[in-house]
Amino acid sequence: MHKTSSRLLALLSLLQTHRDWSGEDLAGRLDITSRTVRRDIDRLRELGYPITTVKGPAGGYRLEAGTNLPPLLFDDGQAIALAVALQTAAAGTAVAEDASRALATLRQVMPPRLRHRIDLLRITAVQPTAARDTLQVDAQVLMDLSRVVHAREELRFDYAPSSSASADNPRRVQPHHLVTWRHHWYLVAWDLHREDWRTFRVDRIRPRTPTGPRFAPRELPGGNVSTFITSRFRGNDGTTTDWPCQGEVILRLPAANVAPFAQDGIVEELGSRHCRLVLGSWSWTGLAAAIGRFDTDIEVIGPPQLATAFGDLAARYAHAARTTRPETGPAR
């Protein structure tokens with residue numbers, strides 16, 4: 001009986017790889033006869049696994065998606081990866097509660113050797129300070145938006161321009177993608193009123209029903225959603241991931257001291273105490289301020305706009321230094 005049970009688990013593991021298997025291939029993999037394969041397939045069907053017979057010269061089998069969730073089989077690596085993903089998802093995400101319950105269920109059915117390994121992999125996902133006050137997204141809203149994106153149906157919703165404002169700004173869009181960017185969910189959509197691409201914070205969306213007619217999808221600028229989102233949040237037109245403002249400077253610091261704080265910049269070592277930095281930003285003033293935080297002597301290689309931005313900042317900071325109010329003591 002133990003041999004039969006082990007063989008059924010091995011057969012199920014093969015069928016879960018999302019491909020068609022011929023009876024001969026399964027028999028060869030499991031070192032059994034084709035007749036035994038047929039009997040084991042029948043046993044799995046009795047357990048609730050929707051296995052269909054594939055027509056063809058050699059015949060075969062396929063594990064289909066069923067109406068009920070049958071018992072699942074994971075190897076050690078899959079179980080550990082799933083546990084790590086669930087622990088990460090349980091830290092401040094839209095499905096945090098469900099992820100915690102799923103992790104508890106998974107741990108309960110694990111064999112002791114795997115449970116011990118999972119307990120050693122306790123993960124604490126620390127959220128950035130700026131993300132603590134962000135609103136959590138309603139999981140049902142995510143599901144509703146996912147459905148209309150998949151169905152290619154027009155969507156009407158009320159939209160609040162900020163977290164503190166009321167959602168009374170109606171929009172009508174063609175939803176294309178649901179994405180995450182820096183701890184926020186966004187809906188990428190073609191705004192039918194503004195006739196342009198827009199990104200909407202999902203926590204500020206209140207969908208209306210019913211949805212509108214189906215639409216033919218438009219081509220997203222940049223060719224894919226990753227390029228588009230990166231470009232838009234860098235202040236660009238959506239077609240390129242380059243920063244609209246990019247400059248080159250020489251810093252009087254070792255490259256090893258600059259690289260950890262250069263984000264997506266390029267750092268080149270020029271000597272033990274000098275390095276070249278190529279960095280981008282959404283504006284020339286923003287770029288000059290970002291470079292200034294390295295707190296060292298700066299030589300501008302180019303372009304001229306960056307040098308001008310440094311001059312403007314210098315004048316602005318000098319004015320701020322002159323107008324600083326003196327501290328006053330306590331009233332007597």
Side-chain angles (χ1 to χ4, degrees), residues 88-89 91-96 127-246 263-264 279-287 290:
T88 304
T93 66
V95 292
Q127 299 295 326
T129 303
R132 290 179 180 174
D133 297 331
T134 58
L135 296 177
Q136 292 298 317
V137 176
D138 189 337
Q140 185 58 50
V141 173
L142 285 177
M143 294 300 298
D144 293 341
L145 296 181
S146 297
R147 189 198 66 79
V148 293
V149 167
H150 179 74
R152 299 299 184 190
E153 294 176 351
E154 290 183 7
L155 176 67
R156 297 179 302 124
F157 58 87
D158 296 320
Y159 189 70
S162 65
S163 301
S164 59
S166 58
D168 57 0
N169 188 11
R171 298 294 181 93
R172 179 168 160 261
V173 303
Q174 294 177 346
H176 282 256
H177 297 276
L178 194 60
V179 300
T180 60
W181 174 271
R182 296 185 177 179
H183 309 286
H184 290 291
W185 284 92
Y186 292 91
L187 176 68
V188 178
W190 176 262
D191 193 312
L192 292 168
H193 294 299
R194 291 164 175 77
E195 296 186 346
D196 194 10
W197 291 97
R198 291 289 190 272
T199 56
F200 301 95
R201 280 265 299 268
V202 172
D203 58 277
R204 300 174 184 174
I205 291 177
R206 298 295 178 266
R208 292 186 177 187
T209 56
T211 55
R214 293 175 61 87
F215 63 89
R218 301 170 184 264
E219 183 177 355
L220 195 65
N224 59 74
V225 66
S226 178
T227 299
F228 175 79
I229 285 292
T230 303
S231 177
R232 280 297 178 95
F233 280 101
R234 288 183 172 181
N236 226 317
D237 61 359
T239 61
T240 175
T241 57
D242 294 337
W243 288 101
C245 302
Q246 183 169 289
Q263 299 180 347
D264 58 351
L279 194 65
S281 183
W282 58 277
S283 72
W284 292 112
T285 302
L287 179 57

To the nearest 0.5 Å, what is the distance between CH2 (W243) and CG (D264)? 6.0 Å

If you measure from CH2 on W181 to OG on S226, what distance do you get to the nearest 0.5 Å? 8.0 Å

Out of R172, R171, R198, which one pairs with D191 under the salt bridge (Lys or Arg N to Asp or Glu O under 4.0 Å) rule? R171

Determine whether the aromatic ring centres of F200 and H184 lie less than 6.0 Å apart. no

Distance flag, aromatic centroids of F228 and F233, threshold under 6.0 Å: no

Decide yes or no on side-chain contact (heavy atoms from CB on, under 4.5 Å) for Q246 and L279, but give the supporting numbers first. CA-CA 6 Å; Q246 183 169 289; L279 194 65; over 6 Å; no

Spacing of I229 atom CD1 and W197 atom CH2 [to the nearest 0.5 Å]: 10.5 Å

Closest heavy-atom contact between T239 and D237? OG1-OD1, 2.7 Å

Test log, rule side-chain contact (heavy atoms from CB on, under 4.5 Å), inputs L178 and Y186: CA-CA 6 Å; L178 194 60; Y186 292 91; over 6 Å; no

Output for pair (N224 CG, E219 CD), nearest 0.5 Å, gives 10.5 Å

Over all atoms of both residues, closest heavy-atom pair of V179 and V225: CG1-CG2, 3.5 Å

Determine whether L187 and I205 make a side-chain contact, defined as any pair of heavy atoms from C-beta on separated by less than 4.5 Å. yes

Side chains of N236 and W282 only: does a donor on one sit below 3.5 Å from an acceptor on the other? no

For R147, is there an ion pair with E153 - N to carboxylate O distance below 4.0 angstrom? yes

Just jot down the side chain to side chain contact (heavy atoms under 4.5 Å, CB included) partners of T180, sequence neighbours excluded, or say none. W185

With D144, which residues qualify under side chain to side chain contact (heavy atoms under 4.5 Å, CB included), at least two apart? Q140

Where is the tightest heavy-atom contact between S281 and G286, given as atom of each residue plus distance? OG-C, 3.6 Å

Tell me, with the steps shown, if L155 and L145 meet side-chain contact (heavy atoms from CB on, under 4.5 Å). CA-CA 9 Å; L155 176 67; L145 296 181; 3.5 Å; yes

C245 side, atom SG; R234 side, atom CZ - distance, nearest 0.5 Å: 12.5 Å

Please test F215 against H176 for side-chain contact (heavy atoms from CB on, under 4.5 Å), starting from the C-alpha separation and ending with a verdict. CA-CA 10 Å; F215 63 89; H176 282 256; 3.7 Å; yes

P244 and G235 have their tightest heavy-atom pair at CG-O, 3.9 Å

Considering all heavy atoms of both residues, which atom of P175 and which atom of A189 are nearest to each other, and what is their separation? CA-CB, 3.8 Å

Nearest 0.5 Å please: distance from the CD atom of E154 over to the CZ atom of R156. 10.0 Å

Ring-face cation contact, W190 with R218, 6.0 Å cut, 45° max: yes

Tell me whether H193 at atom NE2 has more than 12 heavy atoms from other residues, nucleotides or ligands lying less than 6.0 Å away. yes

Short question: side chain of Y159, backbone of R201 - any donor-acceptor pair under 3.5 Å? yes

